Amino acid sequence: MVQRSQLLLLLVFIIFSAIAAETESQDYVALLSLKNIWQNTPPSWVGPDPCGKGWEGIGCTNSRVTSIMLSTIGLTGPLSGDFELLSELQTLYVFYVHFASVI
C-alpha cells in the first residue's frame with residue numbers, strides 16, 4: 001500500500017512539473033510572432049514551450065519570459081506589436097542585430 005501511495009505521489013509531482021514548465025501563453029504568442037517575422041532565428045526555436053525546451057537566448061522565471069539575449073547570429077527583422085505582450089521581460093540584449101522599421 002505504501003508503494004502505491006508513493007507511486008501516486010510521484011505521478012502527481014510529474015504532472016504538476018509538466019504543467020508548471022509550460023510558457024505563459026501570451027509570452028509564447030509574442031515569441032512566435034517574432035519568430036515568424038525575424039530572419040535567422042536560432043534553430044533551437046522549435047516546439048510550443050520556449051521556457052521548457054530551452055529556446056536559445058530565451059530566459060524564463062516561473063514560466064514567464066524574462067530575458068532575450070541574442071547576439072552575432074545575423075538576426076534581422078522588425079519588432080512586432082506583440083513584443084509588448086512580454087510583460088515580464090527585464091533584459092533585452094541584441095548585439096549586432098539589424099532591426100527593420102518598427103511595425
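All values derive from a computational prediction rather than experimental measurement. One-based numbering along the sequence shown.
Residue pairs that meet the ring pair (Phe, Tyr, Trp, His ring centres under 6.0 Å) test with at least one member in residues 42-69, sequence neighbours left out, are W45-W55.
Hydrophobic clustering keeps V65 apart from V46 (ILVMFWY residues linked when any side-chain heavy atoms are closer than 4.5 Å, directly or through intermediates). By the rule that hydrophobic residues join a cluster once side-chain heavy atoms approach within less than 4.5 Å of another member, L32 and I68 end up as members of one cluster.
Closest approach of P42 and L70 over heavy atoms only: CG-CD2, 4.0 Å. The minimum heavy-atom distance linking D27 with S63 is given by the pair OD2-O, 4.3 Å.
With hydrogens and angles disregarded, a donor-acceptor distance shorter than 3.5 Å links the side chain of S44 to the backbone of E56.
How far CD1 of I58 is from CG of D49: 12.0 Å, rounded to the nearest 0.5 Å.
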In residues 83-91, what donor-acceptor pairs under 3.5 Å come from side-chain atoms, sequence neighbours left out?
residue: S87; atom: OG; partner: Q26; partner atom: NE2; Å: 3.3
residue: S87; atom: OG; partner: R64; partner atom: NH2; Å: 2.8

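Checked against side-chain contact (heavy atoms from CB on, under 4.5 Å), S25 has no partners two or more places apart in sequence or in another chain.
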